[in-house]
Amino acid sequence: MKYVSTRSKIRPINSAEAILQGLAKDGGLFVPEKIPKVKLEELGEFKDKTYEELSAWIIGKYLTDYTADELGECAELAYNWFDIHARISVAILIQDANNPTAPVGNMELWHGPTAAFKDVALQMLPHLMRMALKKVGETKKILILVATSGDTGKAALAGFADVPQTKIMVFYPDGGVSKIQRLQMVTQAGDNVNVTAVRGNFDDAQTGVKKIFSDKKIRDELDKLGVKLSSANSINWGRLVPQIAYYFAGYLEFVKSGQLTLGDKINISVPTGNFGNILAAYYAMKMGLPVKKLICASNVNNVLTEFFVTGTYNRKREFFKTITPSMDILISSNLERLLYHESGGDFKQISRYMNELNNFGKYKIDKPLKIRLDKIFHAEYVTEDETKLFIKRVYDSFKYLIDTHSAVSICALSKYRGKTKDLTPVLSAATASPYKFTGAVLDALEKSAEGVDDLAQIALLNRFTNAKIPKNLATLSAAQILHDDVCDKEEMAQRVLKFAAE
Ligand SMILES: *Cc1c(COP(=O)(O)O)cnc(C)c1O
């Protein structure tokens with residue numbers, strides 16, 4: 001399997017090179033030349049196997065320059081951390097009491113070390129990168145630089161900690177992340193990790209990191225230290241491909257529960273931001289997972305809903321800060337990969353669309369492409385009040401607690417069912433533990449959290465609902481603080497060089 005760019009004709013490269021490069025030189029994203037297929041009978045054989053085995057098998061269909069043993073090792077190292085009993089678990093709710101054959105499987109993807117679904121990819125990526133370095137004969141160390149507004153920083157730290165031939169450095173805005181988010185980061189152990197606060201806001205931290213990436217002098221100095229810069233952002237193929245596996249796992253959980261027979265169709269609903277998670281569902285569908293519709297769920301930053309309804313992507317709109325911050329996005333980068341595949345690999349057209357987006361803030365896809373997307377996708381957006389209403393409704397009906405992002409997915413799905421009367425069983429992606437968004441969840445349950453800090457809110461929510469607190473959040477207040485460095489934004493480059501030399 002070789003990889004090409006979404007924006008121009010390039011020499012096809014192996015997956016190891018694509019993972020190390022991250023972004024193609026023409027600014028495009030790497031995509032597989034062809035989407036591989038799996039047979040249902042083959043999938044059925046994984047019913048009694050572990051998530052590691054399933055994951056290595058699916059990933060192996062794409063990363064053909066890795067051996068089965070290598071991928072097996074990556075999966076073991078990535079997922080041994082996950083709660084043994086729960087990894088990718090599906091809580092099956094019969095959402096519609098009048099339709100007991102229309103179950104909703106709430107696929108909990110948040111049993112990793114940071115209690116959010118980004119762990120599934122970020123636990124795997126570092127191992128894929130480490131092996132990629134070997135494959136291309138690179139002897140330098142990779143230094144991952146991250147600017148974070150909260151969650152991605154911790155997930156990346158947890159993934160790269162103590163992975164050989166890598167280092168990771170995370171900058172966050174001083175005073176600009178929640179108390180829990182800060183504690184999660186500054187207590188991160190590992191010989192190869194550094195966490196530094198920047199005096200300024202998230203934009204200052206991000207601009208600082210971008211500057212370092214484009215500064216030739218710093219790169220030369222790092223080169224002398226035997227260090228190469230890289231990033232772990234969500235458009236890297238190595239972050240996307242591990243996500244495809246869990247849709248197969250979720251489907252098998254449904255089969256194991258007796259709610260489905262192998263071969264029955266499902267719909268999949270995904271709370272969407274950068275379009276990575278739902279794109280993974282699209283790849284699973286194209287590989288042969290029996291899926292009828294993909295439901296793209298958005299919050300009031302509804303640029304994707306409008307796109308799927310009208311065919312026009314328009315980023316020039318008001319930006320809202322919501323209780324689903326991980327979906328507060330106006331440019332969904334991974335959409336580019338979908339457009340590439342569904343246009344039959346028409347890189348000239350994709351390149352035009354992306355130029356229009358860059359220069360004019362919008363583009364309109366042509367009719368044939370729009371018709372193709374209509375067959376696969378349905379899009380809905382959900383307001384803040386509806387999000388809270390669904391947290392309460394699901395809790396009251398099933399005594400089952402979901403977070404704000406997961407609620408957006410369930411609410412969008414409910415709108416879809418209301419409009420279409422399509423009662424196909426649904427797999428809904430639950431992307432974070434409710435304990436990561438305690439303020440909004442308490443509010444939804446009509447419990448006052450006024451004046452209560454976010455660590456105390458965890459205890460409060462636990463007292464009200466009895467829902468289990470993820471281990472790493474429960475032990476956070478007792479964890480030792482290991483990183484307390486604060487710098488000005490002008491000092492970021494110097495901090496990077498210092499850490500690289502350690
Ligand atoms: C990142 C994230 C999302 C959005 O996923 P995309 O792959 O960016 O579409 C949804 N929910 C949570 C909790 C997230 O962290």
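Remember, it's 1-based here, ligands and their atoms both numbered in the order they're listed.
At least one side-chain heavy atom of Y51 sits less than 4.5 Å from a side-chain heavy atom of V120.
Note on E356 versus K364: no salt bridge recorded, every NZ/NE/NH1/NH2 to OD/OE distance being 4.0 Å or above.
Within the cation-pi definition used here (under 6.0 Å to the ring centroid, within 45° of the axis), K399 qualifies as a partner of Y395. A cation-pi contact links K447 to F464, judged by a cut-off of 6.0 Å to the six-membered ring centre and 45° from its axis.
Near ligand 1, residues F117, K118, P271, T272, G273, N274, F275, G276, N277, S326, H405, T431, A432 come within 4.0 angstrom through at least one heavy atom.
Aromatic ring orientation, W237 versus Y283: perpendicular (interplanar angle above 60°, classes split at 30° and 60°). Between F437 and H405, the ring-plane angle classifies as tilted under the 30° and 60° cut-offs.
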